[in-house]
*Asks:* 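My structure is below; once you've seen it, I'll send some questions.
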Amino acid sequence: MAEARRLQSELASRVQTGPPLDLDRVRFVAGADVSTGDEMAYATVAVLRFPELEVVEVRGAGAPLSFPYVPGLLAFREIPSVAEALSRIETPVDAVIFDAQGLAHPRRLGLASHLGLFLDVPSVGCAKSRLTGRFEEPDRKKGSATDLVDRGEVVGRVVRTRDGVSPVFVSVGNRIDLQSAVDLVLACCTRYRLPEPTRQAHNAANRLRRAGGNQESLF
DNA sequence: GCGACAG
DNA sequence: ATCTTGTCGC
């Protein structure tokens, strides 16, 4: 456990904040999520055409759960399945959005940053709740956002993706700047609180788990 | 020691 | 995350 934290601190130095991502040149965005059972984790990656947000590919993978859920160490529990699902994607994606934190992490290496280090594309962390940092509630209208500050540094943005809904926590995963990460997330939230790629992946992961890992459930 | 704590 | 029916709000 202590060893895992040590590894995070070491890898954190390799995370790249920036450069900005030109959304006008983004063609495909992927979303990744995991559904867990008693002893298995089912991960899926959904690729959507951008900015239309139509699903063009969905891939999944199952892996035995060998690590418990410990706040701050989520990556060690979900990486096996997610990494496998990501490797199965054939579409050349321009960015990946994770249902987790990126730099908004105690040691600056949330799952989105950890996995982002092994991807050659920008990664973004978009979590439904806070892990670390302080913030003020953003205004209730869509697009409003406030800084997420931890130990004196801005580690992310608390973003209202729809009028009145609870805000999401956006942070840099790797190879992208915070502003671009927020813009990408907002561009992916046309109908729901969570970005469409993430929603699609979430639904697919649930189906995959309920189907006991049967890949055909993804179609 | 106490409280907080992604999914 | 997962377990679950009805129900409050736009």
Side-chain angles (χ1 to χ4, degrees), chain A residues 1-2 4-5 7-9 11-12 15 31-46 60-83 85-86 96-117 123-135 140-142 148-151 155-174 178 181 185 189 191-195 197-213:
Chain A
M1 205 100 305
R5 294 191 174 85
L7 175 61
Q8 292 184 320
S9 297
L11 292 176
V15 174
D33 194 33
V34 181
S35 184
T36 60
D38 291 317
E39 40 186 28
M40 284 291 281
Y42 295 98
T44 60
V45 175
L65 281 175
S66 57
F67 207 93
Y69 168 67
V70 179
L73 298 180
L74 177 67
F76 295 92
R77 179 179 173 76
E78 307 194 331
I79 276 185
S81 58
V82 187
L86 281 168
V96 182
I97 299 176
F98 291 93
D99 189 12
Q101 310 287 354
L103 289 180
H105 176 281
R107 289 167 293 287
R108 306 293 181 266
L109 195 82
L111 188 156
S113 293
H114 196 144
L115 263 174
L117 285 176
S123 63
V124 173
C126 181
K128 298 183 293 299
S129 61
R130 182 200 77 94
L131 170 60
T132 190
R134 298 172 60 266
F135 67 96
R140 86 186 285 304
K141 67 192 314 292
K142 177 178 182 176
L148 178 60
V149 183
D150 187 42
R151 286 179 293 164
V155 296
R157 293 277 283 172
V158 184
V159 185
R160 193 82 70 184
T161 57
R162 297 293 289 166
D163 285 16
V165 303
S166 51
V168 296
F169 299 74
V170 180
S171 58
V172 168
N174 191 31
L178 185 53
V185 167
C189 296
R191 197 154 176 207
Y192 303 92
R193 176 172 86 115
L194 299 180
T198 293
R199 291 189 58 262
Q200 294 297 335
H202 186 285
N203 293 329
N206 271 157
R207 277 153 27 205
L208 185 60
R209 178 171 66 78
R210 290 180 301 180

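By convention in this document, chain letters (A, B, ...) are assigned in the order of the sequence lines, proteins followed by strands, and residues within each chain are numbered from 1. The structure presented is a predicted model; accordingly, all values stated were derived computationally and were not measured.
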*Asks:* For A:Leu65, report the nucleic acid contact type (base, sugar-phosphate, nothing); a contact means any heavy atom under 4.0 Å.
*Replies:*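 Nothing: the residue A:Leu65, judged by heavy atoms under 4.0 Å, touches no strand.
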
*Asks:* Just N and O in the side chain of A:Ser129: are any of them under 4.0 Å from OP1 or OP2 of B:dG7?
*Replies:*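 It does, given that an N or O in the side chain of A:Ser129 lies less than 4.0 Å from OP1 or OP2 of B:dG7.
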
*Asks:* Reckon A:Ala100 touches a base, only the sugar-phosphate, or nothing at all at heavy-atom distances under 4.0 Å?
*Replies:*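 It contacts base atoms.
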
*Asks:* Checking side-chain contact (heavy atoms from CB on, under 4.5 Å) between A:Gln101 and each of A:Cys126, A:Ser171, A:Ser129, A:Ser113, which is the one that passes?
*Replies:*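 Only one of A:Cys126, A:Ser171, A:Ser129, A:Ser113 forms a side-chain contact (heavy atoms from CB on, under 4.5 Å) with A:Gln101, namely A:Ser171.
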
*Asks:* At 4.0 Å (heavy atoms only), tell me whether A:Asp99 reaches a base, stays on the sugar-phosphate, or touches nothing.
*Replies:*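 Sugar-phosphate only.
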
*Asks:* Would you indicate what A:His202 reaches in the nucleic acid, counting non-hydrogen atoms under 4.0 angstrom: base, sugar-phosphate, or nothing?
*Replies:*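 Contact class for A:His202: sugar-phosphate only.
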
*Asks:* Would you say that more than 12 heavy atoms from the other residues, nucleotides or ligands in this model lie under 6.0 Å from the CZ of A:Arg151, or not?
*Replies:*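 Atom CZ in A:Arg151 is packed in, count exceeds 12.
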
*Asks:* Hey, is A:Tyr69 stacking on B:dG7? Ring centres under 5.5 Å, planes under 30°.
*Replies:*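 Yes, A:Tyr69 stacks on the base of B:dG7, since the ring centres sit under 5.5 Å apart and the planes are within 30°.
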
*Asks:* Scan side-chain atoms only and decide if A:Asn206 and A:Ser35 contain a donor-acceptor pair under the 3.5 Å cut-off.
*Replies:*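 Indeed, the side chains of A:Asn206 and A:Ser35 share at least one donor-acceptor pair under 3.5 Å.
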
*Asks:* Compare side-chain N and O positions of A:Arg77 against OP1 and OP2 of B:dA6 and report whether any pair is under 4.0 Å apart.
*Replies:*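 It does not, given that no N or O in the side chain of A:Arg77 lies less than 4.0 Å from OP1 or OP2 of B:dA6.
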
*Asks:* Considering every strand and a 4.0 Å limit on heavy-atom distances, what is the contact class for A:Arg162: base, sugar-phosphate, or nothing?
*Replies:*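 Here A:Arg162 touches no strand at all.
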
*Asks:* If only side-chain N and O atoms of A:Lys128 are considered, is one of them under 4.0 Å from the OP1 or OP2 phosphate oxygen of B:dA6?
*Replies:*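 Checking B:dA6 against A:Lys128, no side-chain N or O comes under 4.0 Å of OP1 or OP2.
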
*Asks:* Given that A:Asn206 and A:Arg140 both sit by DNA chain C, which one's nearest nucleotide is further toward the 5' end?
*Replies:*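 The 5'-side residue here is A:Asn206.
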
*Asks:* Using whole Å, report how far CG of A:Leu111 lies from C1' of C:dA1.
*Replies:*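 Atom-to-atom, A:Leu111 to C:dA1, this comes out as 13 Å.
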
*Asks:* Base, sugar-phosphate, or nothing for A:Ser35, non-hydrogen atoms under 4.0 angstrom?
*Replies:*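 Sugar-phosphate contact only.
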
*Asks:* Using a cut-off of less than 4.0 Å, is there contact between a side-chain N or O of A:Arg130 and OP1 or OP2 of B:dA6?
*Replies:*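 Answer no for this pair, as no side-chain N or O of A:Arg130 is under 4.0 Å from OP1 or OP2.
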
